[in-house]
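Chain identifiers are assigned alphabetically (A, B, ...) following the order of the sequence lines, protein sequences preceding nucleic acid strands; residue numbering begins at 1 within each chain.
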Amino acid sequence: AQKITQTQPGMFVQEKEAVTLDCTYDTSDQSYGLFWYKQPSSGEMIFLIYQGSYDEQNATEGRYSLNFQKARKSANLVISASQLGDSAMYFCAMRERGTSYDKVIFGPGTSLSVIP
Amino acid sequence: DGGITQSPKYLFRKEGQNVTLSCEQNLNHDAMYWYRQDPGQGLRLIYYSQIVNDFQKGDIAEGYSVSREKKESFPLTVTSAQKNPTAFYLCASSGGYEQYFGPGTRLTVT
């Protein structure tokens, strides 16, 4: 069963507009962490934002915010005031306790294109 | 500057040859990871290491081997037993909750 679901393979947004990238997850753990990474065409993975399962406030980092809805198991990334440099793949990931180590599971990704 | 280096960026090999991908970090992190990424897909874990001289198989370890003789280094060998070795390989390290990634090595086997 897929642990991380990103239902939008591709998204388009006008420059300066806000965009929401969807992510739902599946876990039976009470303690876990959720991440978003950006992967430009160069291939490097850039950490954007983190949300712990016990954090009551939604995480924010500059133009990035994470809309965390625990009961719905949803961790959507909101990018405000999109810029051309935001065009990239975006991956949602979850860190949960494994039997011998903390597993990090990645979703399939969403390709975001920012239109001038 | 602290970070993770992977070399080379592009690597070409003939089928049947073993090839070793380098990963070095100067972040003083205990944990290191190797991931494989195929076109249009997410990352899949090959091997991980929590501490020097110890490493564990991830989800797709068949055809790969690793060593962890030093804290800073976690090389990955793609053996001839790996059926579809052509892919993008990412190394990561972690000292807390997030993982830091290297720039990746794109391996092409023909």
Counting a contact as any heavy-atom pair under 4.5 Å apart, which residues of residues 36-44 of chain B contact chain A? B:Gln37, B:Gly40, B:Gln41, B:Gly42, B:Leu43

Could you name the residues of residues 101-110 of chain B that have a heavy atom within less than 4.5 Å of a heavy atom in chain A? B:Phe101, B:Gly102, B:Pro103

Are B:Phe88 and B:Val78 linked, directly or through other ILVMFWY residues, by side chains that come within less than 4.5 angstrom of each other? no

Answer yes or no: is there a side-chain heavy-atom contact under 4.5 Å between A:Val104 and B:Tyr35? yes

Other residues, nucleotides, ligands: >12 heavy atoms within 6.0 Å of A:Lys16 NZ: no

Part of A:Ser111 lying under 4.5 Å from any heavy atom of chain B: neither

Mind listing the closest non-hydrogen atom pair of B:Ser94 and A:Arg95 along with its distance? OG-NH1, 3.6 Å

All side chain to side chain contact (heavy atoms under 4.5 Å, CB included) counterparts of B:Ser22, not counting sequence neighbours: B:Ser7, B:Glu24

Around atom CD1 of B:Ile51, are there more than 12 heavy atoms from other residues, nucleotides or ligands closer than 6.0 Å? no

Going by salt bridge (charged side-chain N to carboxylate O under 4.0 Å, His left out), name the residues that satisfy it together with A:Lys38, two or more places apart in sequence or in a different chain. none

Closest non-hydrogen contact found for B:Glu98 with A:Tyr37 is C-OH, 4.2 Å

Determine whether more than 12 heavy atoms belonging to other residues, nucleotides or ligands lie under 6.0 Å from atom OH of B:Tyr100. no

